[in-house]
Engineer: 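Sharing a structure with you now.
Residue numbers run from 1 in the order of the sequence given.
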Amino acid sequence: MSDVALSFGSVFVAEMGDKTQLVVLSVAARVQLARLVAVLVLAIVVLQTVSVTVGAAASALLPVDAVAVAAGLMFIGFGLWTWRSGAAGGGDADQVDGPPRQRSLVAVGLAFFGAELGDKTMLTTAALAADRGAGPVWLGSFAAMVAALGVAVVAGRTLLRRLSPRTVDIVSGTVFVTVGVFTLSALLMG
């Protein structure tokens, strides 16, 4: 699997049902779509650049094997965190109190940016960049964020009516644990 595809898949699944996706879903009907997309793409560029830079810096400062072990363990941890938050009914979807009160696009962009900082998607991107390299991970994670937010704008309401948050958590957690196990197995076999 290419690094771009792995990044895309990991980040896309992580973003499904996430609080930032729900922020976008809640404001998409009330804000001009073209402007909303422009603000979100700008926020995604900044977020993914920060995430990839942190991950790439870690890989430059730490031995390759240490980065691979840390990345694998982080993915397994994200999977367990996702399963646990879903089982407790406290996943990211529950953390959104509603749409931002201000209608300005700057407020929407800042809400999105703030909701994503330190989130599992950002941490996933940093871990992938540390393990797989900055360029392909940035490209894959950027495309995944745009695609995931496109789902929120176009079909999110329908998906959330048909799939329980628990189902989304189970699938997301399984993907994270699988990527973590694959990363650790590749290190042991390699």
Engineer: Linking I/L/V/M/F/W/Y whenever any side-chain heavy atoms sit under 4.5 Å apart, do V11 and L42 land together?
Structural biologist: no

Engineer: To the nearest 0.5 Å, what is the distance between OG (S2) and CZ (R132)?
Structural biologist: 9.5 Å

Engineer: In terms of hydrophobic clustering (I, L, V, M, F, W, Y; side-chain heavy atoms under 4.5 Å; direct or indirect links), are V181 and L80 co-clustered?
Structural biologist: yes

Engineer: Identify whether V45 and L47 are in the same connected component of the hydrophobic contact network (ILVMFWY, side-chain heavy atoms under 4.5 Å).
Structural biologist: yes

Engineer: Compile the donor-acceptor pairs under 3.5 Å between side chains in residues 70-77 and protein atoms, sequence neighbours left out, one pair per line.
Structural biologist:
none

Engineer: First locate atom OG of S51, then atom CG of L128, and finally report the distance between them rounded to the nearest 0.5 Å.
Structural biologist: 10.5 Å

Engineer: Throw together a table of side-chain donor-acceptor distances under 3.5 angstrom for residues 135-154, partners on residues two or more places apart or in other chains.
Structural biologist:
residue	atom	partner	partner atom	Å
W138	NE1	T49	OG1	3.1
S141	OG	Q48	NE2	2.9
S141	OG	V137	O	2.8
S141	OG	W138	O	3.2

Engineer: Find out if a path of hydrophobic residues (ILVMFWY) with successive side-chain heavy-atom gaps under 4.5 Å connects V41 to V52.
Structural biologist: yes

Engineer: For V50 and M122: C-alpha separation, side-chain torsions, deciding distance, then whether side-chain contact (heavy atoms from CB on, under 4.5 Å) applies.
Structural biologist: CA-CA 9 Å; V50 168; M122 188 176 192; 3.5 Å; yes

Engineer: Do V37 and V46 land in one hydrophobic cluster if side-chain heavy atoms of ILVMFWY residues count as linked below 4.5 Å?
Structural biologist: yes

